[in-house]
Protein chains: 2
Amino acid sequence: MKGEKEYLAAYNIHDYDIPLVGVDAVLFTYHGDMLKLLLVERRNHPDKNKWALPGGFVDKQSDKTLEDTVLRKIQEKTGVEPPYLEQLKTYGNALRDKRGWSITVCYTALISHQVCAPHVVSVSDVAWVAYDELSNYSLGFDHLEIITHARERLKQKSLYSVIPAYALPQKFTLPELQNLHEVLIGKPLQKKSFRRRIEQAGLFEDTGEKRTEKGRPATLYRMKDSSACFTFVRNLEQ
Amino acid sequence: MKGEKEYLAAYNIHDYDIPLVGVDAVLFTYHGDMLKLLLVERRNHPDKNKWALPGGFVDKQSDKTLEDTVLRKIQEKTGVEPPYLEQLKTYGNALRDKRGWSITVCYTALISHQVCAPHVVSVSDVAWVAYDELSNYSLGFDHLEIITHARERLKQKSLYSVIPAYALPQKFTLPELQNLHEVLIGKPLQKKSFRRRIEQAGLFEDTGEKRTEKGRPATLYRMKDSSACFTFVRNLEQ
DNA sequence: ACAAATAGTGTCTCAAAGACACTATCGGGT
DNA sequence: ACCCGATAGTGTCTTTGAGACACTATTTGT
């Protein structure tokens with residue numbers, strides 16, 4: 001009967017027939033009154049020349065956790081770390097990748113368009129694609145299914161949280177956030193209801209600044225640290 | 001420049017340094033007025049003789065999807081398929097397993113105690129453990145963290161859904177379900193509020209049968225198919 | 001027959017969302 | 001200087017659904 005030490009010394013991962021495993025990120029932003037997401041045009045097989053989510057394989061040397069892997073991949077494409085990153089779901093089956101049994105741990109990330117715009121334009125195979133124009137792109141693997149699921153989850157979150165605010169710049173206005181929520185839910189919202197719940201929960205702080213576009217200037221707010229995890233007890237009407 | 005066919009022919013997964021990957025299930029049930037979960041005493045290294053979640057590695061031949069893998073593992077220990085299975089989260093990092101970089105795709109499952117009792121008693125290294133008595137067990141890997149997270153998610157679900165009903169037998173009474181919710185939330189609930197929302201949403205159907213223990217007999221209900229995905233717009237008080 | 005125990009209801013209160021009209025503050029045109 | 005269109009932000013009534021809690025209903029045991 002061997003002890004643990006001997007077992008571990010004799011252990012070789014390549015003795016086992018294990019699936020391929022990677023990560024993918026659905027990185028959303030809000031720009032030009034549209035929900036957009038980052039796509040990458042594949043330069044390699046398989047699904048070469050199709051569009052896909054930013055993602056890749058774990059680097060056992062440089063990555064200590066799965067989050068390290070996603071953040072590294074997102075940084076390669078955008079040049080920055082997103083302020084919001086949450087695990088979405090893991091997809092794993094025998095058919096999703098032509099190379100065989102494969103697993104991808106998927107994340108939803110949110111970022112302001114502005115903060116990563118400079119880097120994104122400098123990378124040739126990367127594009128912000130409006131969610132509503134996805135049908136113009138040929139997507140590789142099962143990435144359309146993943147994107148659809150991420151979109152649905154983000155819609156749900158917009159009903160009971162202010163998490164979508166992470167898709168805006170650090171300083172943002174309430175009408176701007178409300179517009180984003182309306183795009184996510186696909187219906188207009190009552191201004192009063194929307195503002196009331198945010199004010200009562202004390203989620204944002206007034207920066208003291210205003211922004212004028214047309215009409216009365218809007219107050220610029222900043223998120224408080226607590227606001228990411230705050231959930232309202234009652235959902236907005238769908 | 002190679003085509004996809006040539007690429008795939010030359011592809012060998014063992015050329016890459018990929019992490020170990022498996023699945024684990026937090027299988028809850030409700031029995032004797034307690035929330036319990038299934039633990040397995042490990043017979044092999046690593047973490048030999050410690051308790052762990054039922055789980056294991058993907059079998060690329062027999063499993064077509066990750067769900068197949070979990071269901072197979074749960075069936076090995078309980079003899080049955082749980083009526084509720086949902087992905088919880090994927091844990092992956094360099095340190096959680098002594099064998100090196102490892103990933104586990106975790107699921108939450110619910111089942112009635114009764115339906116798997118016969119098989120569970122026949123398997124020697126498996127036990128239903130009350131959640132509140134977990135501290136008496138030495139758990140392997142990061143399974144305590146996983147269990148804690150699954151417990152928290154189940155509590156949240158009990159605030160806005162009737163998903164905990166899957167931890168009861170097919171036919172169950174409303175007071176029985178309310179007790180389970182109270183255990184999950186850790187607070188007494190208003191009988192009227194609890195029943196009202198279920199009735200208004202039309203989630204259950206009356207079996208016509210009654211069950212008498214002490215006092216007035218309680219109506220036995222059965223879940224409708226739709227009730228798994230139904231969510232109330234408003235949470236119960238925490 | 002009556003008490004204890006549990007199931008199930010009636011109804012008032014309260015919190016928070018919906019609806020919508022109102023006021024406030026800016027730029028631009030005259 | 002003043003008014004107008006546009007957008008920001010508020011007041012307030014209605015509606016929905018949960019909390020509180022007393023009430024009725026149906027069983028068993030004595």
Side-chain angles (χ1 to χ4, degrees), chain A residues 33 156-162 165 168 171-182 184-222 230-238, chain B residues 33 156-162 165 168 171-182 184-222 230-238:
Chain A
D33 292 334
Q156 289 309 315
K157 284 191 195 296
S158 73
L159 296 174
Y160 60 76
S161 80
V162 292
L168 300 177
K171 295 177 186 177
F172 57 88
T173 69
L174 288 189
E176 194 176 13
L177 181 60
Q178 184 178 335
N179 286 339
L180 169 52
H181 278 248
E182 287 172 342
L184 287 171
I185 297 170
K187 280 183 81 169
L189 293 174
Q190 289 290 335
K191 188 165 48 166
K192 183 65 179 179
S193 307
F194 189 76
R195 305 177 71 102
R196 190 171 31 203
R197 57 190 349 225
I198 288 170
E199 183 171 27
Q200 280 183 4
L203 292 179
F204 302 152
E205 62 186 14
D206 190 333
T207 62
E209 299 167 74
K210 305 267 179 190
R211 177 198 298 159
T212 309
E213 272 168 52
K214 273 185 288 184
R216 177 173 171 178
T219 306
L220 280 163
Y221 292 90
R222 181 191 304 122
F230 186 88
T231 58
F232 300 101
V233 290
R234 193 162 157 183
N235 281 11
L236 291 171
E237 214 176 45
Q238 300 204 39
Chain B
D33 292 335
Q156 289 309 315
K157 284 191 194 295
S158 72
L159 297 173
Y160 60 76
S161 79
V162 292
L168 300 177
K171 296 177 186 177
F172 56 90
T173 70
L174 288 187
E176 194 177 14
L177 180 60
Q178 184 178 335
N179 285 339
L180 169 52
H181 279 248
E182 287 172 341
L184 287 171
I185 297 170
K187 279 182 81 168
L189 294 172
Q190 290 289 335
K191 188 165 48 167
K192 183 65 179 179
S193 307
F194 189 76
R195 304 177 71 102
R196 188 170 34 202
R197 60 193 342 229
I198 288 171
E199 183 172 26
Q200 279 182 5
L203 292 179
F204 302 152
E205 62 186 15
D206 191 333
T207 62
E209 298 167 75
K210 306 266 179 190
R211 176 198 300 159
T212 309
E213 272 168 51
K214 273 184 287 186
R216 176 175 171 177
T219 305
L220 280 163
Y221 292 90
R222 182 189 305 120
F230 187 88
T231 58
F232 300 100
V233 291
R234 193 163 159 184
N235 281 11
L236 292 171
E237 215 177 46
Q238 303 203 34

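The chains referred to below are lettered A, B, ... by the order of the sequence lines, with proteins before strands, and numbering in each begins at 1. Just so it is clear, the values below take in all heavy atoms, side chains as well, and ignore hydrogens, waters and symmetry mates. If you're wondering where the values come from, they're calculated on a predicted model, not measured in any experiment.
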Worksheet item: Between C:dG10, D:dT16, D:dG9, which one does the side chain of A:Arg216 approach most closely?
Response: D:dG9

Worksheet item: Between C:dC20, D:dG17, D:dT28, which nucleotide has the shortest distance from any of its atoms to the side chain of B:Thr212?
Response: D:dT28

Worksheet, complete the sentence: To the nearest angstrom, the CD-P distance between A:Glu199 and C:dA16 comes to 13 Å

Worksheet, complete the sentence: Rounded to whole Å, the CD-C1' distance (A:Glu237 to D:dT14) equals 13 Å

Worksheet item: Is the phosphate of D:dG17, meaning OP1 or OP2, less than 4.0 Å from a side-chain N or O of B:Arg196?
Response: no

Worksheet item: In terms of side-chain heavy atoms of A:Ala218, which of C:dG18, D:dG19, D:dA8 is nearest?
Response: D:dA8

Worksheet, complete the sentence: The nucleotide from C:dA16, C:dT25, D:dT10 with an atom nearest the side chain of A:Arg234 is C:dA16

Worksheet item: When you check the phosphate oxygens OP1 and OP2 of D:dA8, does a side-chain N or O of A:Thr173 lie under 4.0 Å from one of them?
Response: no

Worksheet item: Between C:dA17 atom P and A:Gln200 atom CD, what is the distance in whole Å?
Response: 7 Å

Worksheet item: Rounding to a whole Å, what distance do you find between B:Ile198:CD1 and C:dA7:P?
Response: 14 Å

Practice prompt. Mind calculating the distance between CG (A:Leu174) and P (D:dG9) to the nearest angstrom?
Written response: 6 Å

Item to complete: Return the nearest nucleotide to the side chain of B:Val233; candidates are D:dG17, C:dG18, D:dG9.
Response: D:dG17

Item to complete: Could you tell me the separation between the CD atom of B:Glu182 and the C1' atom of C:dT6, rounded to a whole number of Å?
Response: 14 Å

Practice prompt. Return no unless some side-chain N or O of A:Lys214 is found under 4.0 Å from OP1 or OP2 of C:dG27.
Written response: no

Discussion item. Using heavy-atom distances to pick each residue's nearest nucleotide on DNA chain C, tell me which of A:Phe232 and A:Glu213 is more 5'.
Written reply: A:Phe232

